[in-house]
Amino acid sequence: GSSLLTGPEGLMAKERENLKRLKCLRRYRQRYGVEALLHRQLRERRVLATDGAAQQAHTTRSSQRCLAFVDDVRCSNQSLPLTRHCLTHICQDTNQTLFKPCQGSEEVPCNKPVPVSLSEEPCCPLHLRLPPQMYVPEQVLAVPQELGAAPTDLYLSAAELQPTESLPLEFSD
């Protein structure tokens, strides 16, 4: 800032005051000496800790596979967060309480894991029992022929619906 304001005419009082303020603002809240050294070390430790934790969490997460075995072959699906089983085999975990196997129907048994909800017997969408229909459509009454044919002279056409002179213009629509 000071190199821009030098010249043959010199600095005016207001410009000198503005320059002093600018220099003060550049130094405002800067750390010096021991405080600056400690702050830089703390920042470096934080970066190392967060990078190391993020990298470790990433490698741990990507390597976690389901622990279930199907026909003596380990499942290759990734496990659910904070568990050791995938969504297909989560019911094999005896400690979990969020999923239950679907009971299915009498004809077709089903063991798909279903999230436990407010219902006592959770079911997958295939075996969900719908409540009985509450709306029953009314029977349409048969209209006799003589009532069905209404005279057409009772209805007015759009051309006959003109505003009357007794109503103000804003009420004519």
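Quick note: numbers below take in every heavy atom, side chains included, and nothing from hydrogens, waters or symmetry partners. Being a predicted model, the structure only gives us computed values, none of them experimental. One is the number of the first residue; the rest follow in order along the sequence.
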Review point. Would you find a donor on one side and an acceptor on the other, under 3.5 Å apart, between the side chain of Arg74 and the backbone of Cys66?
Key: yes
Review point. Is the backbone N or O of Met12 less than 3.5 Å from a side-chain atom of Glu15, with the two atoms forming a donor-acceptor pair by type?
Key: yes
Once you round to the nearest 0.5 Å, how far does [atom1] of [X] lie from [atom2] of [Y]?
{"X": "His127", "Y": "Lys112", "atom1": "NE2", "atom2": "NZ", "value": "9.0 Å"}
{"X": "Arg65", "Y": "Cys75", "atom1": "CZ", "atom2": "SG", "value": "8.0 Å"}
{"X": "Cys91", "Y": "Leu98", "atom1": "SG", "atom2": "CG", "value": "10.5 Å"}
{"X": "Asn111", "Y": "Gln92", "atom1": "CG", "atom2": "CD", "value": "10.5 Å"}
{"X": "Gln41", "Y": "Arg46", "atom1": "CD", "atom2": "CZ", "value": "13.0 Å"}

Point to revise | Residues Gln133, Tyr135; criterion side-chain hydrogen bond (donor to acceptor under 3.5 Å, both in side chains); working and verdict | key: CA-CA 6 Å; Gln133 188 176 10; Tyr135 173 74; over 6 Å; no
Practice item. Could you check Leu48 against Arg45 for side-chain contact (heavy atoms from CB on, under 4.5 Å), going step by step and ending with a plain yes or no? Key: CA-CA 5 Å; Leu48 288 174; Arg45 272 189 261 142; 5.7 Å; no
Review point. Do the non-hydrogen side-chain atoms of Arg40 and Arg43 ever get within less than 4.5 Å of each other?
Key: yes
Point to revise | Non-hydrogen side-chain atoms of Ile90 and Gln96 separated by less than 4.5 Å | key: yes
Indicate the atoms forming the closest heavy-atom contact of [X] with [Y], along with that distance.
{"X": "Leu87", "Y": "Pro113", "result": "O-CG, 2.9 Å"}
{"X": "Leu80", "Y": "Thr83", "result": "O-OG1, 2.8 Å"}
{"X": "Cys102", "Y": "Cys123", "result": "SG-CA, 3.9 Å"}

Point to revise | Exceeds 12 heavy-atom contacts within 6.0 angstrom, atom OH of Tyr28 | key: no
